[in-house]
Amino acid sequence: MNIRPSADGTGTPVRAEPGVCWLAPAAMAGILAHARAAERVSPRPAFWVLSDLRVDLRPDLALPEPLPAFDAMLVAGNVGPGLSASLTWLARALDGRQGRRPVCVVPGNVEYRSGTPMAEALARGRELAADLGLVLLSDDAFRFGPAHGDGTVVVGATLWTDWQLGASSGRPPARVAARTAWEEAGRIELRRGRPLTPLDTLAMHARSRAFIEDALTSAAIGSLGLPPGPNACVDTALPGDAAVVVTCHAPTPRSLPVDWEGWHADPWLPASLASEAAAAMAAWGPRRCGYTATCRRPPTTGSPRRAWWPTRGPAAATTRWRRTPSTRPSS
């Protein structure tokens, strides 16, 4: 998959081969679905992926006219401060031009810089997104495509990091230093009078990671035409469906450029941007039930992409970032 930066920072549509991620607990479902890869009859979906628009810093930013051709729009967070404000900006910028095509939005860390407690902001955001015709995904999944199957399940999560990047028995986790150095701790309220801390995001990471794993397992089972269980994370998957995951924070450090100067800064900095979540989401295959996960690094201009969406098919899957991080977290 290729995502090319454009002058307006919105990138270009991305095409994905049909496929569904699968994990070790769903190995049998993956093997069976892999054998049915040739049965897909729907055309490959095209995704228009955006992130880190930061409209508060770029007040004149506008989405292109006309919009590029796409089947679904994936917004991987950090549109601007305030979740409701970001959703409202997107709706106004699109002005209905997306038609019936879904617009899936994952909250980023910047969306929670509003002075409103996170749970309250998310609840308001869900209601507003529904009113605006957008799809807000925070440990959620959404299906689009033909009603008979061969559609796509989008799994979305902020995927806060677990601060374990680079940790070892002789090197404490980065969250120890982040408790005083991480700027988001003073910008985001977990609840009234209680700021967000690295320990909180560690717990959120664990939940999101588990949700993604379980959602992909449910999608793989549903792609076989099997009924979902009573507590399935995804109960909308149909025979032949594909799955794609979108997150704000990176699920692998391989998405960060090798020559990024932030590697030489305090360990908490890269650990605030990426985790090793993708390593736990093994086994990947090249067709319907998975991918060969190869994470490619981006050009060395701009700022970090913070989105994860695998391609599928003969080519290796790609985790692509559109901008290179500075020595400090994005502000």
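Here the structure is a predicted model, which is why all the values come from computation and not from measurement.
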If I take atom [atom1] from residue [X] and atom [atom2] from residue [Y], how far apart are they, to the nearest 0.5 angstrom?
X	Y	atom1	atom2	result
Asp52	Leu57	CG	CG	10.5 Å
Arg113	Glu189	CZ	CD	14.5 Å
Gln98	Met73	CD	CE	8.0 Å
Met118	Ser138	CE	OG	8.0 Å
Arg126	Ser84	CZ	OG	12.5 Å
Arg187	Ser114	CZ	OG	13.0 Å

Mind listing the closest non-hydrogen atom pair of [X] and [Y] along with its distance?
X	Y	result
Leu132	Leu87	CD1-O, 3.6 Å
Asp241	Gly149	OD1-C, 3.7 Å
Val246	Ala76	CG1-CB, 3.8 Å
Leu165	Pro270	CD2-O, 3.6 Å
Thr161	Ala271	OG1-O, 2.7 Å
Val106	Ala157	CG1-O, 3.2 Å

Leu67 reachable from Leu134 in the ILVMFWY side-chain graph, under 4.5 Å edges: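 Same cluster: Leu134 reaches Leu67 through Ile, Leu, Val, Met, Phe, Trp or Tyr contacts under 4.5 Å.
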
Report yes if the side chains of [X] and [Y] come closer than 4.5 Å at any heavy-atom pair, otherwise no.
X	Y	value
Trp160	Leu202	no
Leu159	His205	yes
Asp140	Leu136	no
Glu120	Leu83	no
Cys248	Asn109	yes
Val79	Val55	yes
Pro253	Trp263	yes
Arg143	Leu238	yes

Within the distance-only criterion (no hydrogens, no angle test), does the side chain of [X] pair as donor or acceptor with the backbone N or O of [Y] below 3.5 angstrom?
X	Y	value
Asp95	Arg97	no
Glu184	Leu196	no
Asn78	Val110	yes
Glu111	Gly108	yes

Any side-chain donor near an acceptor of the partner, Thr201 and Trp163, under 3.5 Å: yes

Of Leu137, Val135, Leu90, the residue whose pairing with Val75 passes side chain to side chain contact (heavy atoms under 4.5 Å, CB included):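 Considering Leu137, Val135, Leu90, a side chain to side chain contact (heavy atoms under 4.5 Å, CB included) with Val75 is found only for Leu90.
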
Contacts of Ala121 that satisfy side chain to side chain contact (heavy atoms under 4.5 Å, CB included) - sequence neighbours left out: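 Residues passing side chain to side chain contact (heavy atoms under 4.5 Å, CB included) with Ala121: Tyr112, Thr116.
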
Side chain to side chain contact (heavy atoms under 4.5 Å, CB included) against Arg194, all qualifying residues, sequence neighbours excluded: Leu190, Arg191, Thr197, Asp200

Phe144 and Phe142 aromatic ring geometry - parallel, tilted or perpendicular at 30°/60° bounds: parallel

Aromatic ring pairing Phe70/Trp48, orientation class (parallel under 30°, perpendicular over 60°, tilted between):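 Rings of Phe70 and Trp48: tilted, as their planes differ by 30° to 60°.
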
Test side-chain contact (heavy atoms from CB on, under 4.5 Å) applied to Asp214 and Arg209, step by step: CA-CA 9 Å; Asp214 292 357; Arg209 181 161 148 177; over 6 Å; no

CA sep, side-chain torsions, deciding dist, call: Leu53, Trp89, side-chain contact (heavy atoms from CB on, under 4.5 Å): CA-CA 11 Å; Leu53 297 180; Trp89 184 93; 3.9 Å; yes

Listed partners of Arg207 passing salt bridge (Lys or Arg N to Asp or Glu O under 4.0 Å), at least two apart: Asp139

